[in-house]
Amino acid sequence: MNQLTFQDGRRSLRAGIATLAAIILGLASPAVSEPVRKSGYAVGAETCGSGDLAFPKLRIDMKAGFCAGLIASEEDHLKFPRSIIQVPGRDLFVVADMGGWGHADGRLLLLDPRAAGGQRFKELLTGIEYPFGLVIGPDKKLYASTAETIFRFDPLADNPRGTVETIIRHMPGRRITLPDGTKLDEAAHPLKQFVFDRNGRLFVNVGAHSDDCITPAPITRPCAAAEGASAMAAIWLFTPPSGGVFPALRPNDPDPPHTIYARGLRNSMALALHPNFPDAGYAFLQGENGRDLPDIFKPNEEINAIEQGRHYGWPYCYDLSTPSPEFRLVLQSGVYKSLCSANALYKPPFSLLPPHGAPLAMLYYHGAKFPELEGKLLVGLHGYRPTGSRILVYDVDDHGFPKSAPAPVRYHVSCAADPTHNFQTDAGDVAAAPFEELIAGWHRVNGARPQGAPVGMTIAEDGAIWLVEDKNQTVIRIDRAEGDPSPPLPCDTRSQALIDQLASFVAKDAQNKIRLTSLRKNLVEKYCVGCHSDFGLKAGQSDAEKDATVLRFMLSQDGWIYPGDPASGKLRTRLRGIGAEKLMPPGGESLPKTEPGYAALLNTADLFVAKMVPGTPMRIKPGLPQRKFFSKTNKECGEIPAAKVVVVTQRNAVDKPGFSRFFRPADPYLNGECSDDDGYYIRQEFLVPVQ
């Protein structure tokens, strides 16, 4: 990135930008001009904040009284921002931009939000491997982390690199050697989050080397990488010398000694200390990124109450007390015998978090701007599944622990057929800490916004909440909003015009009209009425009206149908019980055997989706993990994985030589920059025939 010039002074706002994406979605009358899109967000003239801290307002569904303003976007050359902190006493912020995975191209940037657009960032340090943690230490200096080190520096110095003082130098990072001698070039969780307590003690996340530590069966020994005095999947404690400040390491100095404060924590990216910690009884909380399972509703993520010397389960236990089946033999004898249920070493989660939410930030709110949040716990969920992309607010007791409630406790599931779900484990519903949502609706709405991906959060000295999104390359500021909140954007990511177009394709295909009638009569009306708002069916409709109603309902549900590619849609996976989500209709496991013609009906559903759009089904060629696709004007629209199917409408696109035009509307791989109106274009060599 070129060095950018900083400018002081008040920030001028552009006027006359078009009305926001509600117009695109058909929620308001047509506007005269198009909105401006930044990092996938459609922004207009409306702002969030006041004075020179008023920024373009984002259409994010928020708690009443709050709004989100866009400070910076990919136009500011952000690549992979992961954390943010304010410089004490200054209206400046430091942002850790990791750059990406696999390279030492991370940067620390100084952000001046009052500078002119395009001139808000100044590079401080470059060539950093995986910068992540940013903390103001007990000495009021700014501390940062790489994959292996923690250092402090002066972000306001003329030569910030000349002020770098490393205090820890050799933690397990990207490249590690396991206890059995195996060398890994890329550990699974190399990022270092860290916090200081009031006494200057330093707690550091040392993430697990892998997702689950599963080795070839039978597994008879504990996970070696998580054992010993330098265990991974742990929180390490470094204690400073008298005076409470760690000295700078000279070239040949050893690292300060550490102890293992807590074990069995897969990846502690979210850490929060109550201001009174370590006084007895005050909270030290951790947000656990649990093991990966294909089921969308398990395992749950966790809030753990950290105590010295305790084990928190990874990789042997998940949820509250569910044993990992791969480690059955390890749990039968030795130090981990009955760890998940009857072992004093184990401390189960304090509360469960929504499954696959991926908590990457956690802090207590203290600030004057939002008195209603004072002392409460904020948790950011980064996960891309329907349970992620939000910011939670917990009521806490006088010691900082979230207040629990008896079962059932429900959480919100975005854009799902079942919009709420009970906290539950394999044993059934469980107690949990209920929460509000500061940001609730952050699912992708094509033409209006991308899916939210919050990572780091901080509270500014004026009480505003600042956060960064890595996937969308943005810095966002949350401020007080006046008036009633805007209505939530719908989960329907297809425009009404696009639904009309797809419905017209079906109406013109005699065979697909027959298939639709069969699905409506033999599936929807027979098994699905009573759920999913009855598919919109109403008394007195003709058969043709019923067919049209059912079709439009299915097309409006996020992710149910991808024309030409039945295998990618929830309609198929739910009906057949494939993958993570529950089989539908409930109790449908026996229907293929007990109901004549039901198996053929499932095939009819697949064929209906496959034949919905006229054209030639083509598969994305194996090779690179993702293939970029573009709009007619050559704007990059997203990346689609290998093996997905698209319907090619022009093998040799007449307006883009070397490209094929395809039809796959409202696709989850859209980045929010493109609309569905003109189709999409992909290089011809990336397509192969469907076998």
Side-chain angles (χ1 to χ4, degrees), residues 83 85 88 96 131-153 164-173 189 191-207 226 228-250 253-265 267-288 303-312 347 350 361-364 366 377 396 399-401 456-459:
S83 55
I85 196 78
F132 189 88
L134 291 173
V135 173
I136 302 301
D139 53 0
K140 303 304 180 184
K141 293 184 177 181
L142 195 150
Y143 288 74
S145 68
T146 72
E148 298 179 357
T149 73
I150 293 178
F151 63 93
R152 58 181 172 248
F153 77 108
V164 169
E165 295 180 334
T166 301
I167 64 168
I168 301 171
R169 187 179 284 138
H170 297 113
M171 292 181 290
H189 307 108
L191 308 183
K192 298 298 179 288
Q193 181 64 288
F194 61 97
V195 289
F196 289 97
D197 71 6
R198 290 189 304 148
N199 298 330
R201 296 188 303 169
L202 178 60
F203 300 86
V204 184
N205 164 52
V206 178
S230 293
M232 304 184 73
I235 293 174
W236 290 17
L237 168 63
F238 296 85
T239 301
S242 59
V245 177
F246 290 91
L249 296 178
R250 294 167 298 186
D253 285 349
D255 282 349
H258 73 271
T259 58
I260 301 299
Y261 193 79
R263 298 177 186 267
L265 297 161
N267 197 25
S268 302
M269 302 306 294
L271 296 172
L273 301 179
H274 187 276
N276 291 339
F277 181 88
D279 289 356
Y282 286 94
F284 178 0
L285 301 180
Q286 181 257 10
E288 174 73 330
I303 294 179
N304 287 298
I306 302 301
E307 296 178 4
Q308 188 165 10
R310 302 297 292 272
H311 196 292
Y312 289 83
K347 185 172 178 62
F350 181 85
M362 178 187 292
L363 52 80
Y364 292 99
H366 297 289
L377 183 72
V396 298
H399 288 78
F401 293 98
M457 289 192 295
T458 195
I459 309 301

Chemist: Using a 4.5 Å cut-off on heavy atoms from C-beta on, say whether the side chain of V245 contacts that of P240.
Modeler: no

Chemist: Give me each pair satisfying salt bridge (Lys or Arg N to Asp or Glu O under 4.0 Å) with a member in residues 231-249, each pair once, sequence neighbours excluded.
Modeler: none

Chemist: Search all heavy atoms of V206 against all heavy atoms of P172 and return the closest pair with its distance.
Modeler: CG1-CG, 3.9 Å

Chemist: Could you measure the distance from the CZ atom of R152 to the CD1 atom of I167? Nearest 0.5 Å is fine.
Modeler: 6.0 Å

Chemist: Give me the atom names and distance for the closest heavy-atom approach of G133 to S145.
Modeler: N-OG, 2.9 Å

Chemist: Under the side-chain contact (heavy atoms from CB on, under 4.5 Å) rule, collect the residues that match up with V204, sequence neighbours excluded.
Modeler: I150, M171, K192, F194, L202, F238

Chemist: Which residues pass the side chain to side chain donor-acceptor pair (under 3.5 Å) test with N304, not counting sequence neighbours?
Modeler: Q286, E302

Chemist: Can you name the residues that form a side-chain contact (heavy atoms from CB on, under 4.5 Å) with T239, not counting sequence neighbours?
Modeler: R201, L237

Chemist: Check the pair Y143, F246 against side-chain contact (heavy atoms from CB on, under 4.5 Å), reporting the backbone distance first and the verdict last.
Modeler: CA-CA 11 Å; Y143 288 74; F246 290 91; 5.7 Å; no

Chemist: Return the set of residues passing salt bridge (Lys or Arg N to Asp or Glu O under 4.0 Å) with R198 (not counting sequence neighbours), or none when no residue passes.
Modeler: D279

Chemist: Where is the tightest heavy-atom contact between L249 and P254, given as atom of each residue plus distance?
Modeler: CD2-O, 3.4 Å

Chemist: Of all heavy-atom pairs between N267 and G207, which one has the smallest distance, and what is that distance?
Modeler: OD1-CA, 3.9 Å

Chemist: Taking atom NE2 of H258 and atom OH of Y261, what is their separation to the nearest 0.5 Å?
Modeler: 15.0 Å

Chemist: Out of L265, L363, I235, I306, which one pairs with L271 under the side-chain contact (heavy atoms from CB on, under 4.5 Å) rule?
Modeler: I235

Chemist: Tell me whether Y364 contacts the main-chain N or O of G400 through its side chain, where contact means a donor paired with an acceptor under 3.5 Å.
Modeler: yes

Chemist: Which residues pass the side chain to side chain donor-acceptor pair (under 3.5 Å) test with H399, sequence neighbours left out?
Modeler: none

Chemist: When rounded to the nearest 0.5 angstrom, what is the spacing between CG in L285 and OG in S268?
Modeler: 11.5 Å

Chemist: Could you report the tightest heavy-atom contact between A262 and Y312, atom names first, then the distance?
Modeler: CB-CE1, 3.8 Å

Chemist: Go through the structure and list residues passing side-chain contact (heavy atoms from CB on, under 4.5 Å) with H170, not counting sequence neighbours.
Modeler: D255

Chemist: Look at the aromatic rings of F203 and F277 and report parallel, tilted or perpendicular, splitting at 30° and 60°.
Modeler: perpendicular

Chemist: If you look at every heavy atom in A226 and R263, which pair is closest and at what distance?
Modeler: O-NH1, 3.3 Å

Chemist: Measure the shortest side-chain to side-chain distance between P247 and E165 over non-hydrogen atoms and say whether it is less than 4.5 angstrom.
Modeler: no

Chemist: Using ring centroids (six-membered ring only for Trp), state whether H274 and F284 fall under 6.0 Å.
Modeler: no

Chemist: Restricting to side chain to side chain donor-acceptor pair (under 3.5 Å), what partner residues turn up for D253, sequence neighbours left out?
Modeler: R250

Chemist: Quick one: side-chain contact (heavy atoms from CB on, under 4.5 Å) partners of F153, sequence neighbours excluded?
Modeler: L108, L124, L125, L142, F151, P155, P160, T163, V164

Chemist: Using the side chain to side chain donor-acceptor pair (under 3.5 Å) criterion, which residues pair with T146? Sequence neighbours excluded.
Modeler: T149

Chemist: Should K141 and I136 count as side-chain neighbours, where that means a heavy-atom distance under 4.5 Å?
Modeler: no

Chemist: Among all residues two or more places apart in sequence or in another chain, which pass the salt bridge (Lys or Arg N to Asp or Glu O under 4.0 Å) test with R310?
Modeler: E307

Chemist: About how many Å separate CD1 of I260 and CE of M232, when rounded to the nearest 0.5 Å?
Modeler: 10.5 Å

Chemist: Under the rule for salt bridge (Lys or Arg N to Asp or Glu O under 4.0 Å), what residues qualify as partners of D139, not counting sequence neighbours?
Modeler: none

